[in-house]
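Values below: all heavy atoms of this structure, side chains included; hydrogens, waters and symmetry mates excluded. Protein chains get the first letters and strands the later ones, always in sequence-line order, with residue 1 at the start of each. All of these numbers come straight from a predicted model, not from anything done at the bench.
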Number of protein chains: 2
Amino acid sequence: MSLKHAILVLLDEEPSTGYDLMRKFKGSVGYFWNAKHQQVYLQLKKLNEDGLIHLAIQAQSGKPDKKIYSLSAPGKQALCNWLSTPIEPSKTNDAFLVKLYGGHLSSKEELLAELARHRATHTKTLDYLLGLEQSYRQLPAHQKDKYQYPYLTLRKGIIGEHAWLEWADEAKKEIKK
Amino acid sequence: MSLKHAILVLLDEEPSTGYDLMRKFKGSVGYFWNAKHQQVYLQLKKLNEDGLIHLAIQAQSGKPDKKIYSLSAPGKQALCNWLSTPIEPSKTNDAFLVKLYGGHLSSKEELLAELARHRATHTKTLDYLLGLEQSYRQLPAHQKDKYQYPYLTLRKGIIGEHAWLEWADEAKKEIKK
DNA sequence: GATCTCATGTAAATTGTTACATGATTTG
DNA sequence: CAAATCATGTAACAATTTACATGAGATC
């Protein structure tokens, strides 16, 4: 679907290896896009075959060759076409809420334990995103301009995680009640 | 993955047809689970073959027979097992944020137009969820207890949509700037 | 007369996950 | 010396989407 476009957007920002992209999916853009490495390497292969990205091989000793991909002219065109095509708001599938929905079949202890576990990962994600925000704020003005749009998506991540935690507090009280 | 469990949870609440389930996925539980009808009918078939749900056929004139599914004992067991197994926090893939991330390749007008479009659907969803909340609040006490957990997930939907709109206001200002 | 709701499916294509596979370098 | 990080992939399987398919009744 749009893993393809997520990769193109990231490569437009800077040439990267599959591994680089993976680090982004696990880190700085993980709050809005996720993928497994197998999927990424496969997609890069396809994008290269389709001529949407270029490949430069950089030999390394003791490690597999580094394969650095970058956006090609047709790739940029394809990306721009996609960007100017309206998309539907994304749908959420959240298994944790499915579990909560059927909460009467669990014990309160189990529910609270799982809520706490999830809370911990969301707190960690929020802290990480706040760190990224700090880095952004310390950037010189022209760099801030450059990253204006990525920063906007970062704000979405931060606001979203805040909301999650706000809800979690409410949910905790309500379950204990 | 857990469409299966989403269906089991909904059938635990009340026996339903595939069509009934679809209405829920498009409506009251759509903010945390989505599926296409083809997927639902397929899954119901499998769940029935595996003995996790029962099937009762109700003839109708002029329409296909209504196929009413309900949770079986092994189904309830399977559901309880799943409920007591920890799951990972869900990952989000949001194509709209991918588009925003590459916003410098679009025009401000296009970005604002798409933001407004998405804003409209989120506003609509929020209004719908607030309506559901009103219905819940007017329930007699024992009914409120029964729907305590579904209500908690509803709160997640409401808080999440609020957060989306809050972010959208910020984003709008920032894009215009 | 067109569109929406009711009500159900099959088949093909695409996408994503899990399992399997390798191997050097760095850090604790 | 164990674990994490770097760095890449194939193959099998599961899940999801898109396209195709039908047809009555209700509403505008």
Spacing of B:Leu165 atom CG and B:His122 atom NE2 [to the nearest 0.5 Å]: 7.5 Å

Side chain to side chain, A:Leu132 and A:Ser28, heavy atoms closer than 4.5 Å: yes

Spacing of A:Lys4 atom NZ relative to D:dT17 atom P, expressed in whole Å: 18 Å

Separation of C:dT8 C1' from B:Ile68 CD1 (nearest whole Å): 14 Å

Side-chain (A:Ser2) to main-chain (A:His5) donor-acceptor, under 3.5 angstrom: no

Atom pair distance, as rounded to whole Å: OH in B:Tyr41 and P in C:dA7: 9 Å

Distance test, side-chain N/O of B:Lys45 to OP1/OP2 of C:dT10, below 4.0 Å: yes

Phosphate OP1/OP2 of D:dA15 contacted by B:Gln39 side-chain N/O (<4.0 Å): no

For atom CG of A:Asn48 and atom C1' of D:dG9, their distance in whole Å: 15 Å

d(CD, A:Glu88; P, D:dT17) in whole Å: 13 Å

Residue whose nearest DNA chain C nucleotide is more 5′ - B:Leu42 or B:Arg23: B:Arg23

Residue whose closest nucleotide on DNA chain D lies nearer the 5' end, B:His37 versus B:Lys46: B:Lys46

Side chain of B:Leu3 - closest among D:dA7, C:dC20, D:dT16: D:dT16

Comparing B:Thr17 and B:Asn93 on DNA chain C - which has the more 5′ nearest nucleotide: B:Thr17

Out of C:dT5, D:dT17, C:dG9, whichever nucleotide has its closest atom nearest the side chain of B:Lys36: D:dT17

Whether B:Trp167 and B:Phe96 hold their rings parallel, tilted or perpendicular, with breakpoints at 30° and 60°: perpendicular

Rounded interatomic separation in angstrom, taking CD from B:Gln38 and C1' from D:dA15: 13 Å

Integer-rounded Å distance: D:dT18 P and A:Lys91 NZ: 11 Å

Value in whole Å for how far the P atom of D:dC6 lies from NZ of A:Lys66: 10 Å

Any donor-acceptor N/O pair, B:Asp12 side chain to B:Leu8 backbone, under 3.5 Å: no

